[in-house]
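Only this structure's heavy atoms are used, side chains among them; waters, hydrogens and symmetry mates stay out. Whatever order the structure lists them in is the order used to number ligands and atoms, beginning at 1.
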Amino acid sequence: MLKIERLKIIKSNFPVLVGDKVLSKSICKVLIKEISNSKSFDDMIMGGRSRINKGSKNFNIYIKNSKISQKIFKLFNSKSFYKKIEKIFKNKFENTSWKNENLPNIFNKSKFTIKKKLNSSELKKILGNNYKNPKVNLDIDFSVSRGGYRLRPHRDDITRLYNFLIYLTDIPKKNGGSLTIYKKKTKKNIRKSFRRFPKINELEIVKEFTPKQGTVVFFQSTPNSYHGVKRFIEKNCPKRFFLYGSYALNKPVIWNYKNTLYYPHIISTKKRMLTSFHDANYLTTVPKH
Ligand SMILES: [Fe+2]
């Protein structure tokens with residue numbers, strides 16, 4: 001169903017793979033229909049993205065009633081497919097310097113990143129302070145965005161290893177909604193800290209992808225994997241249907257860059273928010289608990 005052999009390396013400062021026509025047009029169309037037919041969505045984020053998230057009651061109902069979505073979900077939610085992705089990255093980016101220090105052995109099918117609002121101390125408690133022997137799980141959502149949707153440059157959750165996007169609609173360039181990949185402007189020898197939400201003037205654009213039906217993007221969620229989405233203008237064009245997912249650990253990922261370890265430091269806040277809104281800085285020092 002998924003032609004992952006079509007994934008090719010994109011020149012970037014972190015590992016990114018992109019493939020056109022990984023999913024056939026007919027499958028994309030069925031998926032759009034299935035998402036359109038969903039009676040309810042779990043949440044709306046980022047100014048116009050409605051999601052059906054793995055782990056919700058709604059998601060289970062959706063998967064039960066949606067044949068092709070179920071097929072895709074089952075494929076991604078398996079240890080064998082995770083291993084395939086891990087292997088592709090290992091083979092294609094042999095000389096890449098970023099490595100995950102603690103490789104997971106157990107794939108947990110039923111686990112998902114909680115969508116509850118937490119403050120930073122609650123989040124730290126959940127993640128624990130022993131980063132060894134992590135387990136890996138799939139997070140996935142079936143999404144549709146309307147006009148106004150955008151994402152400022154960021155890096156994903158500190159638990160994530162690989163992220164992926166599957167575009168189901170063709171969006172004309174003038175309508176925006178493109179996935180943008182950024183690079184930190186700093187000199188190569190000053191790689192000491194990686195904030196989750198860098199200021200826009202600290203970044204430069206490396207690449208932009210206009211969503212195309214059937215295109216799949218995979219990228220490694222390294223500390224410098226800065227990406228965002230330009231504002232989507234819904235005018236004479238379809239809604240932006242897509243799937244977003246990741247393989248995530250049940251603990252923070254410790255990244256190894258040329259034998260230097262980078263640990264995530266969660267920024268303290270009393271404000272309760274989703275894990276995806278929490279700020280964290282990757283530093284070479286071990287965080288205090
Ligand atoms: Fe992201």
* **Modelled atom types, side-chain donor and acceptor of Arg51 and Ser143, under 3.5 Å** => no
* Asked: Does a donor on one side chain and an acceptor on the other come within less than 3.5 Å for Thr169 and Gln213?
  -> no
* To do: Keeping waters out of it, list the protein N, O or S atoms under 2.8 Å from the Fe ion (ligand 1).
  => His154 NE2, Asp156 OD1, His227 NE2
Would you call [X]-[Y] a salt bridge at under 4.0 Å N-O?
X	Y	value
Glu34	Lys67	no
Asp42	Lys57	no
Lys239	Glu234	yes

* side-chain hydrogen bond (donor to acceptor under 3.5 Å, both in side chains) with Tyr62: which of Ser40, Ser69, Ser56, Ser38? -> Ser69
